[in-house]
Visitor: 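Okay, handing you the structure first.
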Amino acid sequence: MERSNFIKTIIKQDIESGKHETIITRYPPEPNGYSHIGHAMGFINQYYLAKDFGGYTNLRFDDTNPVAEDTEFVDGIKSDMEWLGLKWKNLLFASDYFEEMYDRAVLLIKKGKAYVCDLNSEEIRKYRGDLQTPGKNSPFKDRSVEENLRLFESMRNGEFKEGTHVLRAKIDMASPNMNLRDPLLYRILFAHHHRTGDKWCIYPMYDYAHSIEDAIEGITHSVCSLEFENHRPLYNWVVAECEMKHIPRQIEYGRFNLTNTVTSKRFLRKLVEEKLVSGWDDPRMPTILGLKRRGFTPEAITEFILDIGLSKKGGVTEYAMLEQYLRQDLKLKAKRPMAVLNPLKVVITNYPENETEYVTGVWNQENEEFGSREIPFSRVVYIEREDFLEEKPNKKWKRLSLGLEVRLRHAYFIKCEEIIRDNEGNIIELRCTYDVETKSGSGFSERKPNGTIHWVDATAVKAEFRLYDVLLLDNGKEEYTDRMNPDSLKVINGLIESSLKDVNKYDQFQFIRNGFFNVDVDSNIEEGLYIFNRIVPLKSAFRK
RNA sequence: AGGGCUAUGGCCAAGCGGUUAAGGCACUGGACUUUGACUCCAGGAUCGGCGGUUCGAAUCCAUCUAGCCCUGCCA
């Protein structure tokens, strides 16, 4: 069924009524940090909202506050968006419009709609009143147009210190909407801008700048998050009073949240700075950098975001949903080799010594394009420790136990005959026998094994597995700091089948019965250092 | 003299006056299975509460309740 949401409904109506022919949206990040999955939702939605109707999206950096912004983030955000596979029509910057914004501000002054205010920030706050009390007019509100013009030019020319003067819209100090109590339009900032350098020392505020940017670009639907609802009257005021030809429409939707993780910029930075994670690209981070390194795919993320939908109700989506979209996407894309994370040696006593045969394993039975590989099989193999229990615990146990028979996937049935222990009683080896009649593919059907387990042979290669879990626990605590999952990363050493010797970084696999993994960038294949990130475990109906 | 917004099954979310109230995720059964995976079948809501309008309301009106946002020279 076609996805539907309230914004698409609005757009559809606007097209049917002839209000718009081409739909133009924009993704307006501020280049002051790394993007995360919440930002991805923003761009993905902006992109498809336009694309679904044959329109396009602009990527526009909202660089109106030089104090926080930097080119490093511009480049980072661009590459994040490219990785997601989203294409913008125009790459733009708010700073491209500084001159026009200035001219429009002069127009506002001439119309008597804006004035230079000499109050300092504390005074402005006092004059603004509060939620219950109306504000008072600034004593500078009634300056003459000429004086305002002169003062504003002096601001631009750097004749005043920071904080001494601002340009304000003349609206209504008694408005119940705080945003309309003569909001600031320009402030003085002697800061070096990453694109305009030192050309300007006055910078427009968001509400003023954003409206003009949208209008200049002909944005038809300026989609933003809920917290800007109260700003919409100001947005419309600026567009109207600045006499912009094109009138964009701002529409707000509920921002996306995910359980068991954070997208708070402040907290993410804290994680990095306090080394609670290895960096902005730590595979546990919800940053695009982190998701990429973890092995998440742009396709899964996009489908997930699009399926969540858009509404005016800000909700929290369960992390399990994202996981399932990953599995679905990777299912046919990944080969399905075998890896044993926690090896237990098995000696097949009735298999001839010094002999090796090869068994055929299809890479992915649901995607024949991958073909198959030949897996060496001989007297010694390794199985997963947890696939063996001395006694079958219950009728549902589908693994190996003493006296029981299981199939080694792609190979033979083996039967456990004896357990070898060390001095402390730990199981260190299993002695089994195999049945040559039961070879995989032979059509043997005389009896059923107690299950099928994965294994690796003696030529297996050592590998490190990094098993990730959610960053935050649901423990009822308020503070993120108190919700940190101590087990968000477990590193274990195991074995991968030797056919995986020539993998490449970022290659994705489904290790049979263990989950989806990718090759971490920390790997050094040439030197035999194999590191795998668990992208997501397989679902499991197994219960103790 | 506060204002704005939201409320549909555990989560997300369609629905726009007449439908047995879509779908996805989760969960529970069951089938299948050389991955306890995948796949397949089956299972659950009367729509925040109370009134009203209407032949008919999740959809319109009123009111109540709950939650979120707004008093940066941030965006």
Side-chain angles (χ1 to χ4, degrees), chain A residues 1-6 9 28-30 32 62-65 67-69 117 119-122 124-126 128-135 162-168 174-181 184-189 202-203 205-207 209-210 224-233 252 254 256 259 303-304 307-325 327-328 331-332 336 338 361-362 365-366 396-399 406-411 413 438 440-441 448-449 451-454 510-515 537-543:
Chain A
M1 190 182 184
E2 194 192 340
R3 295 179 180 108
S4 173
N5 62 57
F6 77 103
T9 304
E30 183 187 15
N32 69 346
D62 233 336
D63 54 351
T64 57
N65 183 6
V67 178
E69 299 148 5
C117 182
L119 258 24
N120 63 37
S121 60
E122 192 182 328
I124 286 179
R125 181 160 21 92
K126 280 184 184 154
R128 187 149 40 212
D130 59 34
L131 266 19
Q132 275 72 37
T133 324
E162 277 185 24
T164 59
H165 298 73
V166 290
L167 183 72
R168 293 231 248 169
S175 171
N177 182 343
M178 302 297 280
N179 295 120
L180 264 22
R181 318 250 260 226
L184 277 58
L185 267 22
Y186 269 91
R187 79 287 215 186
I188 299 171
L189 244 32
I202 56 172
Y203 291 92
M205 298 289 289
Y206 167 85
D207 289 300
H210 207 90
C224 62
S225 47
L226 247 30
E227 71 258 38
F228 292 102
E229 258 173 334
N230 294 329
H231 295 243
R232 195 170 58 229
E252 314 83 15
F256 157 87
T259 60
E303 283 301 298
F304 168 69
D307 270 354
I308 285 173
L310 233 35
S311 74
K312 293 211 68 164
K313 178 180 60 167
V316 188
T317 300
E318 290 172 347
Y319 191 80
M321 182 166 166
L322 211 205
E323 291 188 309
Q324 185 58 8
Y325 275 66
R327 295 186 193 102
Q328 284 301 325
K331 185 171 65 174
L332 300 180
R336 320 223 276 215
M338 296 190 284
V362 291
Q365 69 270 42
E366 293 182 82
K396 291 205 165 185
W397 179 253
K398 295 178 66 176
R399 309 177 183 191
V406 295
R407 173 183 289 285
L408 292 180
R409 186 178 167 84
H410 301 313
F413 286 12
T438 60
S440 187
K448 291 280 182 194
T452 298
I453 64 174
H454 60 278
Q510 178 192 149
F511 287 139
I512 292 291
R513 299 210 305 138
N514 270 319
L538 254 29
K539 281 204 284 191
S540 172
F542 179 56
R543 298 274 187 283

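Letters A, B, ... are given to chains in the order of the sequence lines, protein chains preceding strands, and every chain is numbered from 1. As the structure is a prediction and not an experimental result, all values here were calculated from the model.
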Visitor: Are OP1 or OP2 of B:A22 and a side-chain N or O of A:Arg3 less than 4.0 angstrom apart?
Guide: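 So the side-chain polar atoms of A:Arg3 never come under 4.0 Å of the phosphate oxygens OP1 or OP2 of B:A22.
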Visitor: Look at A:Glu229 together with A:Lys312 and state whether they make a salt bridge at an N to O cut-off of under 4.0 Å.
Guide: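 Salt bridge: yes.
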Visitor: Looking at every strand, decide which applies to A:Met338 at a 4.0 Å heavy-atom threshold: base, sugar-phosphate, or nothing.
Guide: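 If one applies the 4.0 Å heavy-atom cut-off, A:Met338 turns out to touch nothing in the nucleic acid.
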Visitor: Rounded to the nearest Å, what distance is computed from the CD1 atom of residue A:Ile124 to the P atom of nucleotide B:C74?
Guide: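 After rounding, the gap between these two atoms is 11 Å.
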Visitor: By nearest atom, which of the nucleotides B:G36, B:G2, B:C74 is closest to the A:Leu131 side chain?
Guide: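 Of B:G36, B:G2, B:C74, B:G2 is nearest to the side chain of A:Leu131.
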Visitor: Using a heavy-atom cut-off of 4.0 Å across all strands, would you classify A:Asn177 as base, sugar-phosphate, or nothing?
Guide: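 If one applies the 4.0 Å heavy-atom cut-off, A:Asn177 turns out to touch nothing in the nucleic acid.
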Visitor: Tell me if B:G23 is syn or anti. Syn = glycosidic torsion within 90° of 0, anti otherwise.
Guide: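 Chi for B:G23 falls in the anti range.
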Visitor: What stem regions, each of at least 3 consecutive Watson-Crick or G-U pairs below 3.5 Å, can be found for RNA chain B?
Guide: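 The stems that RNA chain B takes part in, listed by first number, are B:2-7 with B:65-70, B:10-12 with B:23-25, B:27-31 with B:39-43.
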Visitor: Using the C1' atom on both, measure B:U33 against B:C40 and round to a whole Å.
Guide: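 About 12 Å, rounded to a whole number of Å.
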Visitor: Once you apply a heavy-atom cut-off of 4.0 Å, does A:Leu180 come out as touching a base, just sugar-phosphate, or nothing?
Guide: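 The residue A:Leu180 makes no contact with any strand.
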Visitor: Does A:Arg409 put a side-chain nitrogen or oxygen below 4.0 Å from OP1 or OP2 of B:U33?
Guide: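 No, because none of the side-chain N or O atoms of A:Arg409 sits under 4.0 Å from OP1 or OP2 of B:U33.
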Visitor: Any salt bridge linking A:Glu323 with A:Lys539? Criterion: basic side-chain nitrogen under 4.0 Å from a carboxylate oxygen.
Guide: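 Judged by the 4.0 Å cut-off on N to carboxylate O distance, A:Glu323 and A:Lys539 do not form a salt bridge.
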Visitor: Between A:Ser4 and B:G15, is there a contact of a side-chain N or O with OP1 or OP2 at under 4.0 Å?
Guide: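 Yes, such a contact exists.
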Visitor: A:Tyr203 versus A:Val67: any side-chain heavy-atom pair under 4.5 Å?
Guide: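 The answer is no, as the side chains (C-beta and beyond) never meet within the 4.5 Å cut-off.
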Visitor: Atom CD1 of A:Ile308 and atom P of B:A14: how far apart are they, to the nearest Å?
Guide: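 Answer to the nearest Å: 12 Å.
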Visitor: Determine the interatomic distance between C1' on B:G52 and the same-named atom on B:A26; round to the nearest Å.
Guide: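 The answer is 39 Å between these two C1' atoms.
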Visitor: If you draw the axis of the six-membered ring of A:Phe542, does the NZ or CZ of A:Arg513 fall within 45° of it and under 6.0 Å from the ring centre?
Guide: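 Because its charged atom misses either the 6.0 Å distance or the 45° angle limit, A:Arg513 does not stack over A:Phe542.
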Visitor: Reckon A:Glu323 touches a base, only the sugar-phosphate, or nothing at all at heavy-atom distances under 4.0 Å?
Guide: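 A:Glu323: no heavy atom of the nucleic acid under 4.0 Å.
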Visitor: Within the structure shown, what part of the strands sits under 4.0 Å from A:Arg399 by heavy-atom distance: base, sugar-phosphate, or nothing?
Guide: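 Answer is base: heavy atoms of A:Arg399 come under 4.0 Å of a base.
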Visitor: Heavy atoms only, 4.0 Å cut-off, all strands: where does A:Tyr325 land among base, sugar-phosphate and nothing?
Guide: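 Since only primed, P, OP1 and OP2 atoms lie under 4.0 Å of A:Tyr325, the category is sugar-phosphate.
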Visitor: Begin with the C-alpha distance, continue with both residues' side-chain angles, and end with the deciding distance and a verdict on side chain to side chain contact (heavy atoms under 4.5 Å, CB included) for A:Val166 and A:Ile124.
Guide: CA-CA 10 Å; A:Val166 290; A:Ile124 286 179; 3.9 Å; yes
Visitor: Output one letter per nucleotide in nucleotides 38-45 of chain B: B when a protein non-hydrogen atom lies under 4.0 Å from the base, S when only the sugar-phosphate is that close, - when neither is.
Guide: SS------
Visitor: Output the rounded distance in Å from CD (A:Glu229) to P (B:C5).
Guide: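 Interatomic distance, CD of A:Glu229 to P of B:C5: 7 Å.
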Visitor: A:Met178 versus A:Asn230: any side-chain heavy-atom pair under 4.5 Å?
Guide: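 Answer no - side chains too far apart.
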Visitor: Between P on B:U35 and NE2 on A:His410, what's the gap in Å once rounded to a whole number?
Guide: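 That distance rounds to 10 Å.
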Visitor: Measuring only the P atom in each nucleotide, how far is B:G67 from B:A31? A whole number of Å is fine.
Guide: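 Approximately 47 Å lies between the P atom of B:G67 and that of B:A31.
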Visitor: Can you list the residues that meet the side-chain contact (heavy atoms from CB on, under 4.5 Å) rule with A:Asn32, with sequence neighbours excluded?
Guide: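 A:Asn32: side-chain contact (heavy atoms from CB on, under 4.5 Å) contacts with A:Glu30, A:Ala68, A:Glu69, A:Lys265.
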Visitor: Is there a donor in the side chain of A:Tyr325 and an acceptor in the side chain of A:Asp307, or the other way round, less than 3.5 Å apart?
Guide: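 There is such a pair (donor and acceptor under 3.5 Å, judged by atom type) between the side chains of A:Tyr325 and A:Asp307.
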Visitor: Base, sugar-phosphate, or nothing for A:Thr259, non-hydrogen atoms under 4.0 angstrom?
Guide: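 Result for A:Thr259 = nothing.
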Visitor: How would you label the contact of A:Glu252 with the nucleic acid (heavy atoms, under 4.0 Å): base, sugar-phosphate, or nothing?
Guide: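 Here A:Glu252 touches no strand at all.
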Visitor: Return no unless some side-chain N or O of A:Arg128 is found under 4.0 Å from OP1 or OP2 of B:G72.
Guide: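 A:Arg128 to B:G72 OP1/OP2: side-chain N or O found under 4.0 Å.
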Visitor: Does A:Asn5 reach a base, just sugar-phosphate, or nothing at all? Heavy atoms under 4.0 Å.
Guide: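 If one applies the 4.0 Å heavy-atom cut-off, A:Asn5 turns out to touch the sugar-phosphate alone, with no base involved.
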Visitor: Strictly below 4.0 Å: does A:Lys313 bring a side-chain N or O up to OP1 or OP2 of B:U8?
Guide: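 Yes, within the criterion.
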Visitor: A:Arg232 side chain N/O closer than 4.0 Å to the phosphate oxygens (OP1, OP2) of B:G4?
Guide: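 No.
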Visitor: What contact category does A:His231 fall into here, base, sugar-phosphate, or nothing, at under 4.0 angstrom with non-hydrogen atoms?
Guide: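 Result for A:His231 = base.
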Visitor: How would you label the contact of A:Gly515 with the nucleic acid (heavy atoms, under 4.0 Å): base, sugar-phosphate, or nothing?
Guide: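 Counting heavy atoms under 4.0 Å across all strands, no contact is made by A:Gly515.
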Visitor: Is A:Leu226 touching bases, backbone alone, or none of the nucleic acid, heavy atoms closer than 4.0 Å?
Guide: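 Nothing, no heavy atom under 4.0 Å.
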Visitor: Tell me, do A:Ser311 and A:Asn5 make a side-chain contact under 4.5 Å, heavy atoms counted?
Guide: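 They are not in contact (no side-chain heavy atoms under 4.5 Å apart), so the answer is no.
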Visitor: Is there a donor-acceptor contact under 3.5 Å linking the side chains of A:Arg336 and A:Gln365?
Guide: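 Side chains of A:Arg336 and A:Gln365: pair found under 3.5 Å.
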Visitor: For residues A:Arg187 and A:Asn65, determine if any side-chain heavy atom of one lies less than 4.5 Å from a side-chain heavy atom of the other.
Guide: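 Counting from C-beta outward, A:Arg187 and A:Asn65 do come under 4.5 Å.
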Visitor: Remember a base hit wins even if backbone is also touched, and classify A:Val67 as base, sugar-phosphate or nothing at under 4.0 Å, heavy atoms.
Guide: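 If one applies the 4.0 Å heavy-atom cut-off, A:Val67 turns out to touch nothing in the nucleic acid.
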Visitor: Just call it for A:Asp62: base, sugar-phosphate, or nothing, with non-hydrogen atoms closer than 4.0 Å on any strand.
Guide: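 It contacts sugar-phosphate atoms only.
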